[in-house]
Participant: 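Structure below; questions to follow.
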Amino acid sequence: MTVGTNVAKRDAWDKVTGAARYPGDIPVPGGLTVKVVFSNEPHARMVSMSTQAALATEGVIDIVTAADIPMNEYGLTMFDQPVLIGVDGTGRSPVPSDVSRWEADSVAVVIAETAEAALAGAGALEIVWEQLPLMPDLATADAPGAPLVHPENGRDSNTYYSYRIRKGDMDAGWAAADIVVEGTYTLPHQEHAYLQPEAAVSYIDDEGRVTVEVAGQWTHEDRAQIAHALELPEEEVRVIYPPIGGAFGGREDMTLQIVMAAASLKLHARGINRPLRCVWNREESIVGHHKRHRAQITTKWGATSDGRIVAVDADAVVDAGAYNYTTNKVMANLHMTLTGPYNVPHVRIDSRAVYTTSVPGGAFRGFGSPQAAFAAESQMNKIALALDMDPIEIRLANALRDGDDSVTQRPMPDGVSIAEVVEELARASSWSTPAPTTTTVASIKTLGAHRSSIRTGRGVACALKNVGFSMGFPERCEATVTLYGEDEIDTAHIAHAGADVGQGAHTAFLQMTAEAVGVDYDKVTGTFSDTATSGDSGSSSASRMTFMAGNSIQGATEEAVKAWIDGDRPAEGHFRFVPPPTEYIDAETGEGLAVIAYGYVAEAVDVAVDIETGHIRVGTVWCAIDVGRAINPQTVKGQVEGAIVQAHGYVLSERLRLDDGKIVNPTFSGYLVPGTKDVPDHIETILLEIPDPLGPWGARGMAEMPFIPYAPAVIAAVHDATGVWFSDFPLTPDRVLAGLKDAQDQR
Amino acid sequence: MSMHQVQDRTWAVDRYERPATLDEALRILATYGERARIVAGATDLLLEMQRNVRQVDVLVDLSAISGLDEITNHDGTIELGPLVTHRQVVTSDIVASGGLPLAQASLEVGSAQLRNRATVAGNLITASPANDTISALVALGATVTLTSATGSRVVSLDEFYTGVRTTIMSPHEIMTSITFKELTAEWAGMFAKVGLRSAQAISVVHAAIVLERDDSTVTAARIALGSVAPTIVLADAAELLIGSELTEDVITRCAGAAAAEVRPIDDVRATAAYRTEMLEVAVERMLRSLSAGTEAATWPGRTMTLSHGDAPSASVVSVSGSDDIEVTVNGVATRGADGTSVTLLDWIRTNARDTTDALLTGTKEGCAEGECGACTVHMDGQAVLACMVPAAAAHGSAVTTVEGLTSDVDRALEESLVSCGAVQCGYCTPGFVMSASSLIAEHEDLTDAEIRDGLGGNICRCTGYTSIVEALDIAGRVTS
């Protein structure tokens, strides 16, 4: 048995000894340096750009501009973003390329002998801009008559995407409700802060393919978008992922991929075949890639006196930023989880995305669910309080069960386990008979905890999260398994494109291959993350990779075993797993089978608040999560702990500051991710293994789920400690203290 | 058009000078004036140059001059030389017993790796009102000696500052000494600060209080407040304590009066209103602590310095932009250019090679401002942030990178990190390995809290740290 054991990650030794080469570490003998030049203009029209002086700069070899991008557009789910801003574009894309819509829109790619020369060349670009009105947030961009960020899309406002849910009969719902609780919630940006800033190497490989080695989440999609923008057949493009320094959704959309390919091709056309390298610094990384979405959620819940939720009404407005990225998909998840993991008979929800001249929102662990869960779980906790019900009991009373309809009015996929997860959480955390908390907070350095001003509290929240792309987006995952040996299978090999972003995907692939083939783990080797050696795997996102890859590996192994029985040596099997299809939800009612698998999670936390300083410390976090089957329990636990600490930063310390759409604090000294001493005192991970009927060995997706309920659980615990509900965060000390004072003033 | 400011973080100087004598250093300053700058750790200066806050042509490094890195107590006067690092302060019995506020403030500066390089004199001269040691030393009534080619002057530290990042110091002067009176039995003092995280936090407010008492009646008091005005405020509120005992009434009146004296600003870290309020809370709690005699209650029995003692004294060098520098990397003498325009981090990654002639790229850049620890290397036995060291400052040093760890202890540490699942994306891992290697070598029987302290300068975004702490716990037990 290999599945279910804690084998050490295959790549860990290289990483711990410094041998692993991330994109910025790859040697480029005789290589050139690339500088991608940001516009530095949140909203402006380019009147002219002269590259003459830049090209004449010593050491500058060439400059890629909009003119070099035949189809100057890209985007993961819609093409609404120019690859390069310029006045000399081909004009073939409907997206006007002469307008910069955020500060990190790029205007040129300078290729030079050295970094210094590239920088000097960038500084010598002569650009004339005409300023356009700034609409840096929802307040300005969503105001009536606001100027348009994307007038080319033909809409009369900056709202460009929307969803509805109309379920049941709202009048009947409100009539059945004994109490109604209303809330408005404001969600902040979050920066991914993966430790490895963006970097890429590009060259023409020995088969003539333009090749980009880069950190991403989906090799084949990167390849498709490069091919689209540069109008190349996909076979002439190759994307390779070397070790990736974290992603969390932040690499699902591209940064350097297209421009690096364009730069290599431009030089190649001139007969120059030197490899190129581009490495961003931390500030370029924070300024230059998308964030978790800001959003506003206004919602009203009705409940009977015995705690049944009978009506949910909600409006969500999502700040998409300057470009869609994956906003429409993120918003779909947000939209479909605004009722939480509960069976609610009467629902009206309207969600819409609004363009602003600000940093784009996009994929980030949880993918819209954290924002929705903050609203939904805060509502649930407030209703429990209003009804004097235990927050565990009220959740169990409303939990979705097998056979229930989802909020999109289709049967929930079998294996609904939210009730089991919540019950296990209550048991493990001794929810009904808690031990006295010892959690405290030393808010003033050198003084220790100040007992008289410490208030403690507990909070709970739970969530579900879809596994896989959902909403009709085509799903697939390919694997090739090869078996070696004579009489018996001695070794096996797995070829797979799936991205290991640090979560341990490749080790899981090897474990699942060993299990499927029936050989020891150390008899399996792999070739990964290269479009030249593997078929399309889909992305490492949506908590889908183990789920989809496992199915593809099982299928490929079956094929290989057939070939083996037929006498092939080696015996190769290829399989393209296509799960049951999902549906786009109806535009009017939101009906549709949007999701085929879910993961379920519940968390409880205890906190201490210093009511004189506003500092908060989290003591113990209990996380109960149904993972279906833990392929590698240690790796699974690592995902739980990592997700919780990332959520800890989201709710307590990570505050991205913008001024007129420009990021003010794009540094680790200004944007505070948790360090060793900031994190919860203890994290108790409780794994449930209730098999998913579609999951390989029963496995469910799990890596996003522990992030989702953490913020509302902490907010509930802070309320328990202080009597104050916070409807926005991060709960930085100044915000906490101001909130406590406001509440005091209102009493 | 103007390029986005984040896209240009280059810096360069014409010369890096490490003279043999103070006179020679002063002569260089006399020659170059404002174009020259004294460096010690260079941790603040490098950032100022990269962010175009300061333009410098010549860096003058004093570390080859003997006797400038000492902490002494002569007849009740404690003196710090200009090269005394924060690490030296936090491990000094002289300072812990005779100048606790300075020891406490120094432990709150940056991370262990930063404290191994950054000097107290540098912290004073950077002159940011958020710099922690300033309030401590102002409360201690410190004076500084400023020396130029034409003579010396002694200045009270509270008269040293003229505004945010400005001082009375002339470009021709070197701060050659920091002195203050030892806190004897009738004296007590402490430093405290409010920040936004538990380690390497930039102060929201900081404060230091020093009191003399006759029995329990206060006979002298100094209260210094930081991050609440362009310069450190020596509060008049201290007068309210004189002649009184530290009763609750006196304490609250004094704290309220102190808060009324300051005019902080809103910035990315906190609002002005919050700062004022925190100042009051901090002063109040500090006075209560002094009243109860618990001012040293949280001072650790041992500190995590990530160091195997003092660095050897540096050799005399003079490097120009066109000269090669030489650094022994993992035991291999390595030569390379650009010592005056790149950091040690970039220099290692582009010059140092292993036995197969492959470049050593295990040392990573994560933030380039000393916040994440991914670039941690050992330089002359101390863990330092390679992104905060001008490469020329390492000329003549022995540097160990993650690729150079070969001892059984280090191997066991690496194996423990792997087996505990403490490696996810792995980009931060070399930095953690280097910090952890120092930590395990420095102390036996580390507690979890000490491990977290020691790794406080390293950021991981994947693991949540639990598995890393567990790995060190196991490795420490195996090797001790």
Side-chain angles (χ1 to χ4, degrees), chain A residues 8-9 12-13 15-18 20-22 25 27 38 40 103 119 122-123 127 193-196 243-246 281-284 287 444-448 450 501-502 612-613 634-635 638 641-642 644-645 653 657 664-670 672-673 675-679 683 732 734 737, chain B residues 1-4 6-10 104 108 190-199 202 268 270-271 274 278 281-282 285 289 297-298 359 361-362 366-369 371-372 374 402-403 414 417-419 421 423-430 433 452 455-456 459 461-467:
Chain A
K9 286 174 63 191
W13 190 251
K15 289 175 171 178
V16 86
T17 56
R21 293 199 188 271
Y22 298 82
D25 304 331
F38 294 163
N40 198 20
E103 60 176 321
L119 192 62
I127 307 180
Y194 30 69
L195 261 286
Q196 180 230 319
I244 295 163
N281 65 36
R282 172 59 55 192
E283 294 165 89
E284 288 175 302
V287 168
I444 299 185
K445 307 297 175 65
T446 72
L447 277 165
H450 188 72
V501 293
E612 288 181 2
T613 70
Q634 184 182 67
T635 304
E641 291 164 355
I644 283 171
V645 166
S653 68
R657 303 241 184 189
V664 175
N665 57 339
T667 59
F668 278 179
S669 59
L672 303 181
V673 303
T676 55
K677 295 166 73 180
D678 301 308
V679 300
I683 299 174
T732 52
D734 55 346
L737 205 62
Chain B
M1 109 161 198
S2 56
M3 200 179 337
H4 200 299
V6 305
Q7 298 210 270
D8 180 4
R9 290 300 181 223
T10 55
Q104 291 172 321
E108 292 300 332
M190 80 175 305
F191 166 89
K193 98 179 198 183
V194 178
L196 297 180
R197 59 182 173 192
S198 305
I202 299 171
V268 294
T271 60
Y274 182 73
M278 282 314 94
V281 172
R285 291 190 189 178
S289 181
T298 67
L359 285 169
T361 56
C367 69
E369 58 165 348
E371 291 284 330
C372 78
V402 67
E403 296 94 337
E414 290 167 347
L417 286 162
V418 171
S419 67
V423 181
Q424 287 193 26
C425 91
Y427 194 82
C428 72
T429 303
V433 169
R452 286 180 187 273
L455 300 180
I459 297 285
R461 189 59 157 170
C462 294
T463 63
Y465 305 107
T466 306
S467 54

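We name chains A, B, ... by the order of the sequence lines, and we start the count at 1 in each one.
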Participant: By a 4.5 Å heavy-atom criterion (distance strictly below it), what part of A:Leu737 contacts chain B: side chain, backbone, both, or neither?
Facilitator: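 Just the side chain, heavy atoms under 4.5 Å.
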Participant: Is it the side chain or the backbone of A:Pro666 that comes within 4.5 Å of chain B heavy atoms, both, or neither?
Facilitator: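 For A:Pro666, the side chain is the part near chain B, not the backbone.
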Participant: Can you list the steps and then say if A:Thr17 with B:Glu414 is a side-chain contact (heavy atoms from CB on, under 4.5 Å)?
Facilitator: CA-CA 7 Å; A:Thr17 56; B:Glu414 290 167 347; 4.0 Å; yes
Participant: Could you look at B:Val433 and say if it's the side chain, the backbone, both or neither that has a heavy atom under 4.5 Å from chain A?
Facilitator: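 Only the side chain of B:Val433 comes within 4.5 Å of chain A.
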Participant: Side chain from CB out, backbone as N, CA, C, O: work out which of these in A:Val664 comes under 4.5 Å of a heavy atom of chain B, or both, or neither.
Facilitator: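 The answer is the side chain of A:Val664.
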Participant: Would you mind checking which part of B:Ala270 comes under 4.5 Å of any heavy atom in chain A, side chain (CB onward), backbone (N, CA, C, O), both or neither?
Facilitator: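 Contact with chain A involves both backbone and side-chain atoms of B:Ala270.
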Participant: Just by distance, with hydrogens left out, do B:Glu369 and A:Ser669 show a side-chain donor and acceptor under 3.5 Å apart?
Facilitator: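 Per modelled atom types, B:Glu369 and A:Ser669 side chains form a pair under 3.5 Å.
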Participant: Among A:Lys9, A:Arg282, A:His450, who wins on heavy-atom pairs under 4.5 Å with chain B?
Facilitator: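 Winner by heavy-atom pair count: A:His450.
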Participant: Yes or no on side-chain contact (heavy atoms from CB on, under 4.5 Å) for B:Tyr427 and B:Arg461, after CA distance, side-chain angles and deciding distance?
Facilitator: CA-CA 10 Å; B:Tyr427 194 82; B:Arg461 189 59 157 170; over 6 Å; no
Participant: Test A:Thr732 against B:Tyr274 for side-chain contact (heavy atoms from CB on, under 4.5 Å), laying out the working first.
Facilitator: CA-CA 11 Å; A:Thr732 52; B:Tyr274 182 73; over 6 Å; no
Participant: Test your reading of the model: is there a side-chain donor-acceptor pair from B:Arg452 to the backbone of A:Lys677, 3.5 Å cut-off?
Facilitator: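 Side chain of B:Arg452 to backbone of A:Lys677: no pair is present.
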Participant: Would you find a donor on one side and an acceptor on the other, under 3.5 Å apart, between the side chain of A:Gln196 and the backbone of A:Gly245?
Facilitator: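 Here the side-chain-to-backbone pair exists.
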Participant: Pick one of side chain, backbone, both or neither for B:Ile459, based on which atoms fall under 4.5 Å of a heavy atom in chain A.
Facilitator: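 Contact with chain A involves both backbone and side-chain atoms of B:Ile459.
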Participant: What part of A:Ile683 gets closer than 4.5 Å to chain B, counting heavy atoms only: side chain, backbone, both or neither?
Facilitator: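 Looking at A:Ile683, just its side chain touches chain B.
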Participant: Is the backbone of A:Asn281 close enough, under 3.5 Å, to the side chain of A:Glu284 for a donor and an acceptor to pair up by distance?
Facilitator: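 Confirmed, A:Glu284 side chain pairs with A:Asn281 backbone.
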Participant: Would you say the side chain of A:Glu283 lies within less than 4.5 Å of the side chain of A:Thr667, judging by non-hydrogen atoms?
Facilitator: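 With C-beta onward as the side chain, the pair touches.
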Participant: What residue, out of B:Gln7, B:Arg9, B:Glu371, B:Arg197, has the most heavy-atom pairs lying under 4.5 Å from chain A?
Facilitator: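 So the answer, after comparing B:Gln7, B:Arg9, B:Glu371, B:Arg197, is B:Gln7.
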Participant: Between B:Gly426, B:Gly362, B:Ala282, who has the most heavy-atom pairs with chain A when the cutoff is under 4.5 Å?
Facilitator: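 Ranked by contacts with chain A, first place is B:Gly426.
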Participant: Under 4.5 Å from any heavy atom of chain B, what part of A:Ala20 do you find: side chain, backbone, both or neither?
Facilitator: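 Contact with chain B is through the backbone of A:Ala20 alone.
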Participant: May I ask you to decide if B:Val423's main-chain N or O and B:Thr429's side chain share a donor-acceptor pair within less than 3.5 Å?
Facilitator: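 Side chain of B:Thr429 to backbone of B:Val423: no pair is present.
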Participant: Tell me, side chain or backbone of A:Thr613 under 4.5 Å from chain B's heavy atoms, or both, or neither?
Facilitator: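 For A:Thr613, backbone and side chain are both near chain B.
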Participant: Hey, which of B:Cys372, B:Cys462, B:Pro430 has the most heavy atom pairs under 4.5 Å with chain A?
Facilitator: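 Top option by heavy-atom pairs under 4.5 Å: B:Cys462.
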Participant: Among A:Val501, A:Val673, A:Asn665, which residue forms the greatest number of heavy-atom pairs with chain B at distances under 4.5 Å?
Facilitator: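 It is A:Val673.
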Participant: If we define contacts as heavy-atom pairs under 4.5 Å, which of B:Met190, B:Gln104, B:Lys193 has the most with chain A?
Facilitator: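 That would be B:Lys193.
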Participant: Please state whether the side chain, the backbone, both or neither of B:Glu108 comes within less than 4.5 Å of a heavy atom of chain A.
Facilitator: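 B:Glu108 touches chain A through side-chain heavy atoms alone.
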Participant: Please step through side-chain contact (heavy atoms from CB on, under 4.5 Å) for the pair A:Lys15 and A:Tyr22, ending with a clear verdict.
Facilitator: CA-CA 10 Å; A:Lys15 289 175 171 178; A:Tyr22 298 82; 3.5 Å; yes
Participant: For chain B, which of A:Gly246, A:Gly642, A:Gly670, A:Gly638 has the most heavy-atom pairs under 4.5 Å?
Facilitator: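 Between A:Gly246, A:Gly642, A:Gly670, A:Gly638, the count favours A:Gly642.
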Participant: Out of B:Leu417, B:Ile202, B:Leu359, which one racks up the most heavy-atom pairs below 4.5 Å with chain A?
Facilitator: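 With the most close heavy-atom pairs to chain A, the winner is B:Leu359.
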Participant: If we define contacts as heavy-atom pairs under 4.5 Å, which of A:Ile244, A:Ile644, A:Val645, A:Val16 has the most with chain B?
Facilitator: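 Between A:Ile244, A:Ile644, A:Val645, A:Val16, the count favours A:Val16.
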Participant: Is B:Asp8 reaching over with its side chain to a backbone N or O of A:Leu119, donor-acceptor style, under 3.5 angstrom?
Facilitator: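 Answer holds: no.
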Participant: Quick one: which of B:Ser289, B:Ala368, B:Ala374, B:Ser419 has the most heavy-atom pairs under 4.5 Å with chain A, could you say?
Facilitator: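 Most heavy-atom pairs under 4.5 Å with chain A: B:Ser419.
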Participant: Ignoring hydrogens and geometry, is there a side-chain-to-backbone donor-acceptor pair from A:Ser653 to A:Leu672 under 3.5 Å?
Facilitator: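 Such a contact is found between A:Ser653 side chain and A:Leu672 backbone.
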